[in-house]
Amino acid sequence: MNFNNNNQIRVRFAPSPTGHLHIGGARTALYNWLFARGHDGVFILRIEDTDLSRSTEQAINQIMNSLRWLGLDWDEGPETGGIYGPYRQMERLDLFRSAAERLLAEGKAYYCYCTHEELEEQRRQARSQGRPVVYQGCCRNLSAEEGRLLREEGRQPVLRMKTPASGLTVVRDVIKGDVKFENAQLGDYILMRSSGVPTYNFAVSVDDATMKISHVIRGDDHLSNTPRQLLLMEALGFQPPVYAHLPLILGADRTPLSKRHGAVSVEEFRSRGFVREALCNYLALLGWSFDSDTNLFSIAELTGKFSLERVGTTAAAFDEDKLTWMNGYYIRNMPAAELAGRIVNFLPTSRLAGLPGRKGKPGVADLVPLVQEKMKTLADFIRLTDFFFLPIKFEAQSLGKLEHDANSTAILRTVSGILNGLTDFSAGHIEEELRQAAAEMEIKLGKFLQPVRIAVSGKLVTPGMFETLAVLGRQESVSRIQTTLAMLEAAQTDNKSI
RNA sequence: GCCCCCAUCGUCUAGUGGCCUAGGACACCGCCCUUUCAAGGCGGCGGCGGGGAUUCGAAUUCCCCUGGGGGCACCA
C-alpha cells in the first residue's frame, strides 16, 4: 500500500481544544508549518476533540485565531475543508468504528468489561509487585458466552488492543534516533471507550494514516505513545509516517511551563504587545538553530532554512528577556506606517482607546517617529505617549527635581517666551532656538531641557524634546509650561514644597 | 514502582576526536555616542554535572552515577 501518494510532504498540527494555544503548541505548529512550506508540502489542522468533557467550541476558535495571528495558515482543516476531511475527530466517528470492527473481526482487539474499580485494584497490585502498571489482559480470552453474561450485568465494554506479550517495537525518530520499547510495557491499551468514542492513540493512528500524513512532528510527551500507534498502524495495514519528537519547552526556572510562569498562551503575548515576527523568530530558535551565529530570521528565511535535522535534543527554557529584545528589534525595523497600523489595532483595549487623532490631539502616525526606536512592545507606545492625551501626572521625583534646580524657573520662562514667539513650530526650528538659548544661559543642553521635559510631560523620560514640543504644538506647549511655572512660583512664594 | 528521553556560559545555542586557551545571541557590568531614556558602537564577566574507560589526543565515543523531563488514564 503506497500510503504517501507522490511522496508529497503532508504534516499536521493536531491540538485538543481544551484551552488557549500554548506557547509549546505554537512552536509545534510553527515547526510543522515551516516544514510544509519549505518542502512544497501541505499543512493540515486537525482538531482532536475526543475528550468530550474538556473540548469546547470556544477553544477551537481561540486556537484558530492564534494560528492565524501568527500567520500559520493551513491548507486543509476546519472551515477550509480538504479531500481527507472532515478535520474534527468527532466528525470522523464512522471511520474509527469501522477500523475498530476490522480489528475485532481479525482478532487483533477485544472487548474488556473491567470496571474502573477493578482496574484501579489491578494497577495497585501491579505497582506493589513492581510490575509495569499496564492492563494485564483479564478479559483477553473471554468467550462469547462470558461476554454476553457480563453485558447482561449492565457492563459497557471498552475495546482493547491485543498487544504482543513479547518483542520490541522500535520508533525510528528523526530527532531521537531509534528508540526501543518492550511490548510487554505497553499493555493492552484502550482503543474505544465504552461510549463508542475512540481514545487518543486510536484516533491519532487512524487519522494520521487516512489523512496520509508523511511526517508527524509533535512534542516529546508523545514519544512513549508512539509504539502503541506503530502497533496499530501495523495491525491496520498502514505504513507509518516519519516521526520527529520535539523536546519540551520549560519555564524560565526550568520547571514545566504553567500559568504561574506568567504569559504562556499566544493570546497573552499578543495582548501584551508582542508582534508575530518576533514570536515566530523566537519560537523557531527555541529548539532549532541554523548555524553558530544567526539569530534573526524573517519568516521567509525560516521557511527556507528550517530543517528537522537541526532540531536539538534538549528541553529549552523560555526566556522572555530574549523575546522582548527580539520584539524591539522587529518594531525598530518595521516601516513606520506598518508600525502605526499595528499600534492602531492594539490600542482599542488600552487606556488610550479612542484618543489619538481626536480633536487637536496627535494621531498615532504623528507619534510613531518619536517612539519607534524606544519601543520594545506595542504596549510601550502607551507608556511613552500617554502624556500627549491624558492630563499630566507628575511622576515621583519629577517636581522635586524641578524645585531642586535653581535654574528651573528661569529656563521655563525663557523657553515659554521663545516658543510663544515662534511662527515656524517645526522640530528643527525649535531645536535651533533652544540650543541658542541654552548656550546664552551657559547651561548644558541636557540640563536645560530637563525642566522643559518635566513641565510638558510630568515625566523624567520622554521622546526627543524638540519633536515632542513640535507635536504638542505651540499653544499646548506654552500652556503646559505656564501651568507648571505657576505651580513652581506659588510653591517658592509660600516657601514650601509642591 | 516500571519504561523512555535529555545533560556546553544565568538563558537560547554552535560544536559530531585534534581547527576549542569552547564561538554567537539575550541578560548583566564598564566605556563611547548623546537632550532624558532607549537604540547603536566597543570591551568585559561567565560554561563542557561527577566518576571511570577508549585514544597519542575527548565537550565530542562507551559505561556508571547524579540531576532534570516525559509516560505508564474510558486525557491528549
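Everything quoted here is computed from the prediction, not taken from an experiment. Labels below follow one simple rule: chain letters A, B, ... track the order of the sequence lines, proteins then strands, and each chain is numbered from 1.
The existence of a salt bridge linking A/Glu395 and A/Lys393 is excluded, since no basic side-chain nitrogen approaches an acidic carboxylate oxygen closer than 4.0 Å. With salt bridges taken as basic N to acidic carboxylate O contacts below 4.0 Å, one links A/Arg342 and A/Glu338. Of the charged side-chain nitrogens involved, none lies within less than 4.0 Å of a carboxylate oxygen, so that A/Arg97 and A/Asp94 do not count as a salt-bridged pair. At a threshold of 4.0 Å, the pair A/Arg124-A/Glu120 does not count as salt-bridged, since none of the basic side-chain nitrogens sits closer than that to a carboxylate oxygen.
For B/C5, the base has no donor-acceptor partner in the side chain of A/Lys176 [N/O atoms by modelled type, under 3.5 angstrom]. The base of B/U35 sits within donor-acceptor range of the side chain of A/Arg453, with an N or O pair under 3.5 Å.
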>> Using a 4.0 Å heavy-atom cut-off to protein, can you give one letter per nucleotide of nucleotides 22-32 of chain B, 5' to 3': B if the base is in contact, S if only the sugar-phosphate is, - if neither?
In response: -BSBBS-----
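Side-chain atoms of A/Glu467 lie closest to B/U35 of the nucleotides B/A14, B/U35, B/G70. Relative to the side chain of A/Leu445, the nucleotides B/A14, B/U35, B/C5 differ in distance, and B/U35 lies closest.
Taking the six-membered ring where the residue is Trp, the centroids of A/His215 and A/Tyr31 are separated by 6.0 Å or more.
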Could you tabulate the donor-acceptor pairs under 3.5 Å formed by side-chain atoms of residues 12-19 of chain A, not counting sequence neighbours?
from: A/Arg12; atom 1: NE; to: A/Asp208; atom 2: OD1; distance (Å): 2.8
from: A/Arg12; atom 1: NH2; to: A/Asp208; atom 2: OD1; distance (Å): 3.4
from: A/Arg12; atom 1: NH2; to: A/Asp208; atom 2: OD2; distance (Å): 3.0

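Comparing B/U8 with B/C2, their P atoms are spaced 26 Å from each other, to the whole Å. Taking atom P in both B/A59 and B/U66, one finds a spacing of 24 Å when rounded to whole Å. Distance noted for atom P between B/C48 and B/C33: 37 Å (whole Å). Nucleotides B/A73 and B/C65 place their C1' atoms 33 Å apart, quoted to the nearest Å.
The environment of A/Gln129 atom CD is dense: over 12 non-hydrogen atoms of other residues, nucleotides or ligands sit within 6.0 angstrom.
The shortest distance between the side-chain N/O atoms of A/Arg332 and the OP1/OP2 oxygens of B/G40 is below 4.0 Å.
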Give me the distances for all protein-to-nucleotides 73-76 of chain B N/O pairs that come in under 3.5 Å?
from: B/A73; atom 1: OP2; to: A/Val133; atom 2: O; distance (Å): 3.0
from: B/C74; atom 1: O2; to: A/Ser194; atom 2: N; distance (Å): 3.0
from: B/C74; atom 1: O2; to: A/Ser194; atom 2: OG; distance (Å): 2.9
from: B/C74; atom 1: N3; to: A/Ser194; atom 2: OG; distance (Å): 2.8
from: B/C75; atom 1: OP2; to: A/Arg193; atom 2: NE; distance (Å): 2.0
from: B/C75; atom 1: OP2; to: A/Arg193; atom 2: NH2; distance (Å): 2.3
from: B/C75; atom 1: O3'; to: A/Arg193; atom 2: NH2; distance (Å): 2.9
from: B/C75; atom 1: O2'; to: A/Asp51; atom 2: OD2; distance (Å): 2.7
from: B/C75; atom 1: O2'; to: A/Arg54; atom 2: NH2; distance (Å): 3.1
from: B/A76; atom 1: OP1; to: A/Thr50; atom 2: O; distance (Å): 3.3
from: B/A76; atom 1: OP1; to: A/Thr50; atom 2: OG1; distance (Å): 2.6
from: B/A76; atom 1: OP1; to: A/Asp51; atom 2: N; distance (Å): 3.1
from: B/A76; atom 1: OP1; to: A/Arg193; atom 2: NH2; distance (Å): 2.6
from: B/A76; atom 1: OP2; to: A/Arg193; atom 2: NH2; distance (Å): 3.0
from: B/A76; atom 1: OP2; to: A/Tyr200; atom 2: N; distance (Å): 3.1
from: B/A76; atom 1: O3'; to: A/Glu48; atom 2: OE1; distance (Å): 3.2
from: B/A76; atom 1: N6; to: A/Asn225; atom 2: OD1; distance (Å): 3.3
from: B/A76; atom 1: N6; to: A/Asn225; atom 2: ND2; distance (Å): 3.1
from: B/A76; atom 1: N1; to: A/Asn225; atom 2: ND2; distance (Å): 2.9

